Amino acid sequence: MASNISGKDTIRLIERLTKGPFLYLCSMSGGPPPTIAEIYAKPPVNQVIQISGWVRTRRTTRAISFVELQDGSTLKSLQIVMSHQQIPRERIECELHTGAAITVQGLLRATPDRPQPFEIEAQAFSLHGAVDPETYPLQKKAHSLEFLREITHLRPRTRTFQAIFRIRSGVSFAIHQYLQSQGFVYVHTPILTPSDCEGAGQLFQVTTLPLAAVPKHPDGRVAYEKDFFGQPAYLTVSGQLEGELLAMGLTRIYTFGPTFRAEPSHTPRHLAEFWMIEPEMAFYDLTLTMDLAEDFLRYLIRYALEHFPEELTFLTERYEPRLIDELQTASSQPFMRLSYTEAIEILKKSGRAFQFPTEWGSDLQAEHERYLVEEYASGRPIIVYNYPQAIKAFYMRQNEDGKTVASFDVLFPRIGEVIGGSQREERYDRLLRRMEELGMPLLPYQAYLDTRRYGTAPHSGFGLGLERLLLFLTGMTNVRDVIPFFRAAGQMG
RNA sequence: GCCCGCUUAGCUCAGCGGUUAGAGCAUCUGGCUGUUAACCAGAGGGUCGCAGGUUCGAAUCCUGCAGCGGGCGCCA
């Protein structure tokens with residue numbers, strides 16, 4: 001057991017086994033052991049090292065066993081060579097099954113004439129956690145994504161999910177990097193909110209009231225004054241309204257956090273808990289905002305291409321043959337821009353028999369978006385802007401034509417909408433009139449309206465769905481496969 | 001929420017009214033002087049999702065339920 005090996009013991013063991021000077025790289029007490037990615041980045045050739053990880057495969061011949069070790073730091077694995085003279089074959093066959101966690105001590109030797117650049121000649125290994133091969137669900141061969149969704153706790157052991165989660169991490173970092181470099185302030189908007197401030201979807205209610213015996217008034221209303229906050233509380237469906245308040249003081253802000261919608265959407269593109277990035281900028285009009293959204297997305301795609309070439313090659317070969325081509329197209333060519341009115345004209349002239357109407361005023365359906373992106377634009381991303389007011393949210397800025405609002409959607413091939421955004425209505429009278437037209441209660445929006453009463457300014461923003469973007473970046477087709485643990489209607493994976 | 005499809009060994013699947021339900025991989029046993037998802041030989045492993053029904057006979061046809069997947073709507 002590794003926990004029984006002290007640092008001194010390890011040094012003594014290795015000294016005894018190697019009878020010579022060596023570089024003492026790590027022990028449990030002397031710093032973290034190197035990851036396989038670090039070994040590949042700077043191979044300590046001809047040095048004795050310790051390396052830890054999980055067994056991916058083992059091949060045994062008469063005199064030697066080969067163990068492929070992986071640790072999720074890279075797609076690559078490290079081959080460990082175990083001579084049966086050095087380590088008894090029985091022990092290897094008993095302890096080293098796919099999935100077992102081990103630490104190996106051995107000499108890193110260059111192997112220029114073999115498929116892998118180097119390997120480790122093991123002198124000793126310790127087993128941290130054994131695996132019962134009869135019950136361990138994962139094998140060295142590929143599994144279906146559907147099967148892996150049933151074992152989300154073990155998915156991180158597979159190279160596919162290691163690649164996806166590394167890309168998710170890198171892209172999250174790049175999101176901060178890009179926005180920070182553009183002068184944006186990262187703000188934390190609340191997850192618990194008093195009401196549905198956007199109408200973006202069904203809310204999850206949060207309460208400490210006992211569900212078996214909810215306190216009520218004589219007239220049957222729930223006695224919310226006895227609830228935790230003294231009023232109803234919900235999980236946020238969007239940080240936008242708070243984001244607007246903050247942008248009206250900090251000029252450029254963004255949120256990046258989880259969002260919750262209790263919409264029973266049974267599709268591969270919806271989650272009940274998903275991550276959204278919501279930039280909000282004072283003194284930005286619609287055009288500046290579309291420019292920002294396009295530059296931002298192209299930066300993130302380029303970032304993925306530059307930082308995760310091996311992962312993207314793996315995902316392209318394994319899951320989506322068009323992946324790298326699509327990423328290169330989207331990052332190298334400008335997005336196509338169409339007004340909603342132009343888009344409708346194009347659909348009408350297409351000669352296609354669409355299932356849904358293509359009249360001005362009707363919303364663009366999935367089939368319309370797919371035609372526009374995949375056929376009309378030949379796979380280039382498209383920005384559609386200036387949608388009819390009637391099909392968009394109350395806060396979007398009214399255009400001078402009296403029919404449309406300054407809104408936009410970014411549509412990607414294969415996945416559809418990744419961004420929805422707009423210039424916000426900053427004119428108090430216009431906003432108030434629109435809210436009254438829609439019969440909205442004004443009381444919960446006093447803070448929001450205050451920003452229009454005091455020093456109002458033109459401002460804009462958008463929401464980027466992280467999981468949707470990751471579908472595009474990884475070639476996955478189901479958002480459940482780009483988040484470690486998914487929450488969707490009827491499912492907690 | 002509506003519509004469609006799938007569910008057979010640990011995994012991926014074939015079988016679609018007619019003997020005792022199959023294959024590859026995995027597992028186990030044995031073999032192999034360096035393997036690359038190693039290879040060779042042998043073995044074990046199944047109430048064919050669950051509950052009913054039709055039939056001389058059901059994995060196969062029908063009904064219901066469940067789980068999963070896909071399409072649509074809503075959206076990110």
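Computed from heavy atoms alone, side chains included, the values below leave out hydrogens, waters and symmetry copies. Chain letters run A, B, ... following the sequence lines, proteins first and then strands; every chain starts at 1. Bear in mind the structure is a predicted one, so any value in this text is a computation, not a measurement.
Across the interface with RNA chain B, nearest-nucleotide mapping of Gly490(A) and Gly463(A) shows Gly490(A) to be the residue nearer the 5′ end. With RNA chain B read from its 5' end, the first of the two nearest nucleotides for Gln365(A) and Ser144(A) is the one closest to Ser144(A).
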Before you tell me yes or no, could you show the steps for Thr259(A) and Arg261(A) under side-chain hydrogen bond (donor to acceptor under 3.5 Å, both in side chains), namely the whole-Å CA-CA distance, both residues' side-chain angles and the distance that decides it to 0.1 Å?
CA-CA 7 Å; Thr259(A) 300; Arg261(A) 299 202 182 160; 6.0 Å; no

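The salt bridge (charged side-chain N to carboxylate O under 4.0 Å, His left out) search around Glu437(A) returns Arg434(A), not counting sequence neighbours.
Computed from coordinates, the Arg62(A) CZ to C40(B) C1' distance equals 16 Å when rounded to whole Å. Whole-Å rounding puts the His270(A) NE2 to G73(B) P distance at 10 Å. As rounded to whole Å, 15 Å separates atom P of C68(B) from atom CG of Leu148(A). A straight line from CG of Leu78(A) to P of U35(B) spans 18 Å, rounded to a whole angstrom.
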Is there any protein nitrogen or oxygen under 3.5 Å from a nitrogen or oxygen in nucleotides 2-8 of chain B, and what are the pairs?
none

Please list each protein N or O that sits under 3.5 Å from an N or O in nucleotides 22-27 of chain B, with the distance.
| residue | atom | partner | partner atom | Å |
| --- | --- | --- | --- | --- |
| G24(B) | N2 | Lys141(A) | NZ | 2.8 |
| U27(B) | O2' | Glu134(A) | OE1 | 3.2 |
| U27(B) | O2' | Glu134(A) | OE2 | 2.3 |

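The phosphate of G67(B) (OP1 or OP2) has no side-chain N or O of Arg149(A) nearer than 4.0 angstrom.
Stacking of Phe66(A) onto the six-membered ring of G34(B) is not present when judged by under 5.5 angstrom between centres and under 30° between planes.
Residue-level contact check: Ala366(A) touches the backbone only, with heavy atoms under 4.0 Å from sugar-phosphate atoms and none from bases. At a threshold of 4.0 angstrom between heavy atoms, the contacts of Gln491(A) are confined to the sugar-phosphate backbone, with no base atom among them. Within the 4.0 angstrom heavy-atom criterion, base atoms lie near Arg89(A).
Judged by distance alone, with hydrogens and angles left aside, Ser265(A) brings a side-chain donor or acceptor within reach of the base of C74(B), the pair sitting under 3.5 Å. At a cut-off of 3.5 angstrom, the base of C75(B) holds at least one donor-acceptor pair with the side chain of Arg468(A). Contact of Glu119(A) with G34(B) (side chain to base): a donor-acceptor pair of N or O atoms is detected under 3.5 Å.
A distance-only check finds a donor-acceptor pair linking the side chain of Ser73(A) to the backbone of Ala37(A) [under 3.5 Å].
With both pairing distances under 3.5 Å, A43(B) is matched to U27(B) as a Watson-Crick or G-U wobble pair.
Closest to the side chain of Arg59(A), out of A37(B), G34(B), A76(B), is A37(B).
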